[in-house]
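Nothing fancy with the numbering, it's 1 onward along the sequence.
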Amino acid sequence: MTYEKLAILRDAAVVLLALEALVLLVLALLAGWYSVRGLRWLQRRLPGWLGVAHQKVQAANGVTRRAMGAVASPLVRAEGAAAGLRAGLGAARRAIWPRRKR
């Protein structure tokens with residue numbers, strides 16, 4: 001292979017590389033362009049969808065809070081009464097049988 005043919009092949013490779021870079025640049029620009037368009041579309045449509053989802057979550061939250069209040073309320077009251085009873089009995093025991101000093 002002569003040096004002239006190598007120079008021609010080198011020039012063709014450089015041109016091909018430049019074309020590949022140009023094609024990849026155009027693809028990247030198109031991807032960016034459509035991404036921005038898609039985000040603008042989402043900004044217009046998303047608040048409505050999120051509002052509906054927020055309402056559903058708030059409704060579920062209310063039902064859950066009411067159910068947990070109905071289930072937990074008797075247990076909390078019983079635990080409070082037991083703690084008060086323990087404290088009262090402890091105070092009565094200390095009043096009746098005080099500790100001896102050593």
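A distance of 9.0 Å separates CZ in Arg65 from CD in Gln58, rounded to the nearest 0.5 Å. Remark: Asn61 CG to Arg66 CZ distance equals 10.0 Å, nearest 0.5 Å. Atom-to-atom distance recorded for Leu6:CG and Asp11:CG is 11.0 Å, nearest 0.5 angstrom.
Hydrophobic side-chain contacts under 4.5 Å tie Leu29 into a cluster, directly or through other members, with Leu25. Hydrophobic clustering, defined by side-chain heavy atoms of Ile, Leu, Val, Met, Phe, Trp and Tyr closer than 4.5 Å, groups Leu30 together with Val26, Trp33, Tyr34. As a member of the Ile/Leu/Val/Met/Phe/Trp/Tyr network built from side-chain separations under 4.5 Å, Leu19 groups with Val15.
Listed by first and then second residue, the salt bridge (charged side-chain N to carboxylate O under 4.0 Å, His left out) pairs involving residues 73-93 are Glu79-Arg86 (not counting sequence neighbours).
Atom CH2 of Trp97 has 12 or fewer neighbouring heavy atoms from other residues, nucleotides or ligands inside a 6.0 Å radius. By the 6.0 Å contact criterion, CZ on Arg45 is enclosed, its count of non-hydrogen atoms from other residues, nucleotides or ligands being greater than 12. Counting non-hydrogen atoms of neighbouring residues, nucleotides and ligands closer than 6.0 angstrom, the CD atom of Glu20 exceeds 12 such neighbours.
In the hydrophobic cluster analysis, where Ile, Leu, Val, Met, Phe, Trp and Tyr join through side-chain heavy atoms closer than 4.5 angstrom, Leu16 is grouped apart from Val14.
In this structure, Arg10 has no salt bridge (Lys or Arg N to Asp or Glu O under 4.0 Å) partners at least two apart in sequence or on a different chain. By the side chain to side chain contact (heavy atoms under 4.5 Å, CB included) test, Arg94 is found to be paired with Ala91, residues two or more places apart in sequence or in another chain being considered.
In terms of heavy-atom proximity, Ala31 sits nearest to Ser35 at O-OG, 2.7 Å.
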